[in-house]
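What follows is a single structure, written as structure tokens, with notes after it.
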Amino acid sequence: MNGPIRLCIVNPHGYELFDPSGRATRVFGGAEVQLYYLSTGLAATGEFDVSMVVEQYGDVDGRHQGVRMLAVPPVGRAFARFRDRIPVPAPAYLRALRRADADIYLQRGGAVLTGDVATYCRTRGRAFAFMAAHDWDCDRRHQRGWQYLAGTYYLAGLRAADLVFAQSEHQRTLLRQHLDVDSIVQRTVYPAASRADVPRDHVLWVGRCLSWKRPLALLDLAAERPDQTFVMACPAYEGERALYDEVTRRAARLPNVDFREFVPFAETEDLFSRALTFVNTSTAEGFPNTFIQAARVGTPILSLTVDPDGLLGRADIGSAAGDDMGLLGRRLDELLDQPETWQRQSENAYRYFAEQHNLATSLPAFAERLRDLASTRTRSRSAR
């Protein structure tokens, strides 16, 4: 292949990470953060001409940190709800994919959009790479109830992908067992950070206000420990307003809870650096970005349920409670009361990040897989 590989990343809610003044049409999460780091990292190599399809009002076309933006009008709520039931292709996205004219199209997270990108690539003879963003992307959960048609469309798109990335060995197993899909594990990545020598004084919880993230569980822990400061960064999420109102009411009644509705992404590192521990209360995740944000600054991790590949105990960077709130509370008390345990897990977390999740050392292998995909697709097209 002559010249750089043209890579188009479909990342609807990721523009704000490139331009904090351009608030996203929906609160972004770990999937958008990962695509931000991977896209800018690949663009910086000079081997990839990277474009990104984003939902954004106004004229945002042009390059940001080496990535060419292709804006589509935000999908209206009515059309989005309709697509969740009847998965008709989104014309604006199809036009943007055509504008990108890429060799490879990359999309992350199970959605109707997965089917759109797969359909475009299949009809145009382009390569499609998919990245799982949650364990629920790896089984048939998307087909449940009223989402059956949309879930079926997503799964058809997933099976049509030329390359599938899982976040963990657990996801790789789920994809094979439930969907007969082969995948490659691509770890969550972040740039390296130093272990800042700053006072640590709070227990930290970070996440969107979604029912499956169980923010109220963190407030239960805080209510039982009035002498310990808890920091909770919990932005509201569309469709979960009642939960958000309950969370804010309960947090306001707890003087030891510092509730923050919104924290700019650039400021989250300081929260993790100053935390005694990070607590996750979700029912399920993929490989949480917050685990890596904690590990990269040496912050031990406590989890109510989520523990991808048994990581927390195996690497001794924290512990999981098997969905037992009483056990989670005891683990928290032990960590705060035992300085030697905290120090050991802090050092292990920082070392684990450097060995497994450092963007600088992980990016070359990811780029190589994309180069192989582009080369295979080029040979396939030439043979026709």
Side-chain angles (χ1 to χ4, degrees), residues 10-17 20 22-36 54-57 74-85 107-114 132-137 141-142 144-147 150-151 154 167 188 204-220 222 230-252 254 257-268 271-272 278-291 293 303-306:
V10 185
N11 188 20
H13 309 292
Y15 180 72
E16 183 179 345
L17 288 159
R23 289 298 300 272
T25 56
R26 192 189 74 184
V27 177
F28 64 81
E32 288 80 15
V33 172
Q34 285 303 291
L35 292 178
Y36 167 76
V54 296
E55 287 189 15
Q56 193 66 30
Y57 293 106
V75 173
R77 293 181 183 179
F79 184 53
R81 286 195 294 267
F82 178 77
R83 290 228 310 160
D84 282 342
R85 292 162 175 78
Q107 186 261 331
R108 187 181 182 106
V112 172
L113 192 56
T114 310
H134 199 289
D135 288 355
W136 295 342
D137 294 340
R141 182 177 293 264
H142 287 284
R144 293 182 181 179
W146 53 266
Q147 291 183 308
Y154 154 64
Q167 293 177 290
T188 300
L204 179 64
W205 189 99
V206 175
R208 293 165 293 172
C209 195
L210 292 161
S211 56
W212 55 268
K213 287 185 177 287
R214 298 190 290 197
L216 293 172
L218 187 281
L219 297 178
D220 290 340
F230 289 73
V231 174
M232 188 176 198
C234 183
Y237 195 81
E238 182 180 348
E240 297 263 16
R241 190 69 206 187
L243 174 62
Y244 182 76
D245 290 343
E246 183 178 1
V247 168
T248 55
R249 281 196 302 269
R250 283 197 57 187
L254 296 171
V257 173
D258 177 0
F259 182 86
R260 307 186 186 190
E261 177 180 2
F262 175 75
V263 178
F265 180 70
E267 298 176 14
T268 58
L271 289 181
F272 281 94
F278 170 75
V279 177
N280 179 288
T281 54
S282 299
T283 59
E285 296 255 10
F287 196 116
N289 273 251
T290 47
F291 280 20
Q293 287 179 279
S303 177
L304 178 55
T305 302
V306 174

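Reckoned from all heavy atoms, side chains included, excluding hydrogens, waters and symmetry mates. Please read all numbers here as calculations on a predicted model, not as lab measurements.
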Go through the steps for F272 and F278 under the test side chain to side chain contact (heavy atoms under 4.5 Å, CB included), then give the verdict. CA-CA 7 Å; F272 281 94; F278 170 75; 3.7 Å; yes
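- With respect to R214, the side-chain contact (heavy atoms from CB on, under 4.5 Å) criterion is satisfied by exactly one of L243, T281, D220, L219: T281.
- Taking the side chain as every heavy atom from C-beta outward, T305 and T283 never approach each other to under 4.5 Å.
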Next item on the list: Report the C-alpha distance between D258 and V231 in whole Å, list the side-chain angles of each, state the deciding distance to 0.1 Å, and finish with yes or no for side chain to side chain contact (heavy atoms under 4.5 Å, CB included).
Entry: CA-CA 5 Å; D258 177 0; V231 174; 4.1 Å; yes
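- Taking CZ of R260 as the reference point, atom OG1 of T268 lies at 11.0 Å (rounded to 0.5 Å).
- R208 and W205 make their closest contact through O-CH2, 4.0 Å (heavy atoms, listed as atom of the first residue, atom of the second, distance).
- Across G109 and T114, no two heavy atoms sit closer than the pair O-OG1, 3.4 Å.
- Neither side chain, Q34 nor T188, offers a donor N or O lying under 3.5 Å from an acceptor on the other.
- Note that CH2 of W146 is 10.0 Å distant from CZ of R81, once rounded to the nearest 0.5 Å.
- Across P215 and L210, no two heavy atoms sit closer than the pair CD-O, 3.5 Å.
- With contacts defined as side-chain heavy-atom distances shorter than 4.5 Å, the pair Y154/Q147 does not qualify.
- Closest approach of Y36 to L17, counting heavy atoms only: CE1-O, 3.7 Å.
- Ring planes of H134 and W212: perpendicular class, angle over 60° (limits at 30 and 60°).
- M232 CE to E261 CD: the interatomic distance, rounded to the nearest 0.5 Å, is 12.5 Å.
- Aromatic ring pairs are classed by plane angle as parallel below 30°, tilted from 30° to 60° and perpendicular above 60°; the pair F79 and F82 is parallel.
- Nearest heavy atom pair, residue V247 against residue C209, reads CG2-SG, 4.1 Å.
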**Request:** Would you check, one step at a time, whether the test side chain to side chain contact (heavy atoms under 4.5 Å, CB included) holds for T290 with E285?
**Result:** CA-CA 11 Å; T290 47; E285 296 255 10; 5.6 Å; no
* Apply side chain to side chain contact (heavy atoms under 4.5 Å, CB included) to R108 and Q167, showing your working. => CA-CA 11 Å; R108 187 181 182 106; Q167 293 177 290; 3.2 Å; yes
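- Classification of D245 and R249 as a salt-bridged pair fails, no side-chain N sitting under 4.0 Å from a carboxylate O.
- V306 approaches P288 most closely through the heavy-atom pair CG1-CG, 4.0 Å.
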